[in-house]
Trainee: 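I have a structure I would like to understand better, so I am pasting it below and will then ask my questions one at a time.
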Amino acid sequence: MKKRIGFILGAVFTCTVSALAGNAKDLKLTSPNGVHAVLFQQKQISPEVNEVHYQVTYKGIPVVEKSRAGLGVDNRIWEMALGVRNLKQPACWMDNLEVDSVTTLPVVDNTWQPFYGERSTVRDNYNAATMHLSKKDGSGYRFDIEVRAYDEGIAFRYFFPEHPKAIFHKVVADLTEYTFPEGTMAWTEQWAQAHFEHLAIDDIKRPVERALTLELPGGVWAALTDADVDDWCLTKYLASDKKENTLTSVMYSPVDVVTYYATPWKIIMAADKPGELLEHNTIIENLNPPCEIADATAWVKPGKIMRETTITTEGAIATIDFCATHRIPYILFDANWYLPCTSHDGDATKVVDKLDMPRVVAYGKEKGVGIWVYVNQHALMKQARELFPILRQWGIVGVKSGFVQYASHRWATWLHDLVRLAAENHLMMNIHDEFRPSGFSRTYPNLLTQEGICGNEEFPDATHNTILPFTRMINGAADYTICYFDKRLKTTHAHQLAASLVFYSPLQTIFWYDKPSFYHGEPEVEWFENLQTVFDDTKVLNGTPGKNVTMARRKGQEWFLGAMTNNEGSREEIPLDFLDKNKVYLASVYTDGGEKVKTRTQVECSYLLVDASMTMKFDLKPSGGAAVRFVPVEAKEAKGLKKYKGKIL
């Protein structure tokens, strides 16, 4: 809660020094480059009912048509408890609010450096305004709508100024609606680890997750998501039963607040291409408070991680040796290193006999490999305050939380406070199962990643994997869990190599179901050895949900490229104009070679000289992919190396 108050105080101070936009009662904003525009206005529906509506356009094209905004509040019991017993109750709490004024704020244009991310510099550039409403019934209620217009999208949230009697507010409904142009289609999933359905708006009969990616008629792409949600409940989207082409907001639970208080930000993004939605997801980071961990650089260290599957001392030593050899800085003990791990009777301060934790931690430190442990919700609820200092004392560097609740207001605050408690004990975290990100890692970067994705644990097919970059990955990092050698994979191994780049995660899990003994010298494992997990720049080169995706990420002077196709396969031509035009690069290329490659994985490794003027061509096999690492080379280093001449790889 301290983070919420600090962030709001800054917003309140900004409002007090800004100038009122005359007596205008409508809030109108455009983004700095003019592509996004938003209008909020209040209309009297009947003598006793006022409604606030909004609409959003992109390059003059309607994205969200006239739609309702607001919250449902039920304060009757608390009003009576404080002696307010004769206040007339409108049918909806919003009905008797009236617009007092609109405050226009100075333009914001800053750049900042995230602790880690898909890019090393983020621009925070937006126009902002606030609509101020109040009730004239003597209740003392006020209500603000804070709006920002970014070039990446529109964001708004609801704000309760401090009530003079500090009356408790019980928010029981989110009245926000989203009406789209007729013919809009959405990529939907009912829960975070579900498969996708491509549905018309009116066919969304069960609540669906965010980010919700939409195809508008005429070719515009849009996405609905949120930011700064650590003190709120899960909100999903559902087709309205009263208005066509309209989504309603479905809150998982009521939210109890004491003013002053701000809700999470609602985000509406629009772009010409689906890949631009992913490229523009810095809007989510910008809508979260800055880092609150003063010494984060000393102990928050992104990297790759391998699961140790045997939960034995011998298995751990072998896995540490493998990781040290292959530049993997972490290993994880998953379920059952303490027992019973799915019961309140479990004790996570006691390690099973077959695992000598002190010896393993000491050996890991000697080899430069840190130890993470899985802890189920039962133990976290029962003993987190006792457990986290003990884990730090043992030398454990991170905790993967499993099967944690997150959807209700109670559990959302509990889970985010757990991340804060971990930070106090210098523990990194990876939240598994249904939890999805909304930018909290900017504020608490010890939360390196989270699941909230139908990843390789469930062996999805390639078509599913080509949907994820344009939907789930808009939200932020995902622990997809690469299962490289597993025989249950439904994709090729080159597809898996590409996935480890496309699915961004500062803590990148590789070899999830594998053991060191599964490795038989496959040469393409050098890709994992060289792979970075945080980057200086990221570009979506092409792609469409369900068909294909190609992404390039830069770390220093090196570029990494991942291309994935669907179940049918595809031909890809990839211009290399993202490379530095003044450099020659050695491209280490990893493709599906078929039976001519005599390894279990059948990945062909090629080493070619390329430059920014070239276009690489790939014939991606069904469920296949390709991965390429580009390293600048000097002329003397290039001698004897083959130059790429346009061959289909």
Trainee: Can a donor-acceptor pair be found between the side chains of D592 and T492 at a distance below 3.5 Å?
Mentor: yes
Trainee: Pick from W512, F503, Y504: which one makes a ring pair (Phe, Tyr, Trp, His ring centres under 6.0 Å) with Y480?
Mentor: F503
Trainee: Does the distance from a Lys or Arg side-chain N to an Asp or Glu carboxylate O, for D619 and K621, drop under 4.0 Å?
Mentor: no
Trainee: Does R472 qualify as a cation-pi partner of W187, given the criterion of NZ or CZ under 6.0 Å from the six-membered ring centre and within 45 degrees of its axis?
Mentor: no
Trainee: Which word best sums up how the rings of Y513 and F459 line up, parallel for under 30°, tilted for 30 to 60°, or perpendicular for over 60°?
Mentor: parallel
Trainee: What distance do N456 atom CG and L489 atom CG have between them, rounded to the nearest 0.5 Å?
Mentor: 5.5 Å
Trainee: Determine the sole option in V64, D272, I154, I268 for which the side-chain contact (heavy atoms from CB on, under 4.5 Å) test with Y58 is passed.
Mentor: D272
Trainee: Do the two ring centres, one from Y150 and one from H36, sit under 6.0 Å apart?
Mentor: no
Trainee: So, are R629 and E558 salt-bridged, with charged N and O less than 4.0 Å apart?
Mentor: yes
Trainee: Hey, is K596 close enough to E604 for a salt bridge, meaning N to O under 4.0 Å?
Mentor: yes
Trainee: According to the interplanar angle, ranging from 0 to 90°, do the rings of Y444 and F440 count as parallel (below 30°), tilted (30 to 60°) or perpendicular (above 60°)?
Mentor: parallel
Trainee: Is the ring centre of F535 less than 6.0 Å from the ring centre of Y116?
Mentor: no
Trainee: With under 30° as parallel and over 60° as perpendicular, where do the rings of Y519 and F485 fit, or are they tilted in between?
Mentor: tilted
Trainee: Any side-chain donor-acceptor pair under 3.5 Å between N286 and R148?
Mentor: no
Trainee: Report yes or no: do D479 and T509 form a side-chain donor-acceptor pair below 3.5 Å?
Mentor: yes
Trainee: Return the CZ to OG1 distance between R307 and T319, rounded to the nearest 0.5 Å.
Mentor: 11.0 Å
Trainee: W559 and ring pair (Phe, Tyr, Trp, His ring centres under 6.0 Å): which partner among F578, F630, Y585?
Mentor: F578
Trainee: Under 4.0 Å between a side-chain nitrogen and a carboxylate oxygen: does that hold for R553 and D536?
Mentor: no
Trainee: May I ask you to check whether over 12 heavy atoms, not counting those of Q113, lie within 6.0 Å of atom CD?
Mentor: yes
Trainee: Check the pair H432, Y374 against side-chain contact (heavy atoms from CB on, under 4.5 Å), reporting the backbone distance first and the verdict last.
Mentor: CA-CA 10 Å; H432 254 238; Y374 169 97; 5.7 Å; no
Trainee: Treating N288 as the side-chain partner and I284 as the backbone partner, does any N or O pair qualify as donor plus acceptor under 3.5 Å?
Mentor: yes
Trainee: Side chains of T225 and R210: any donor to acceptor distance under 3.5 Å?
Mentor: no
Trainee: To the nearest 0.5 angstrom, please state how far the SG atom of C454 sits from the CG atom of L468.
Mentor: 7.5 Å
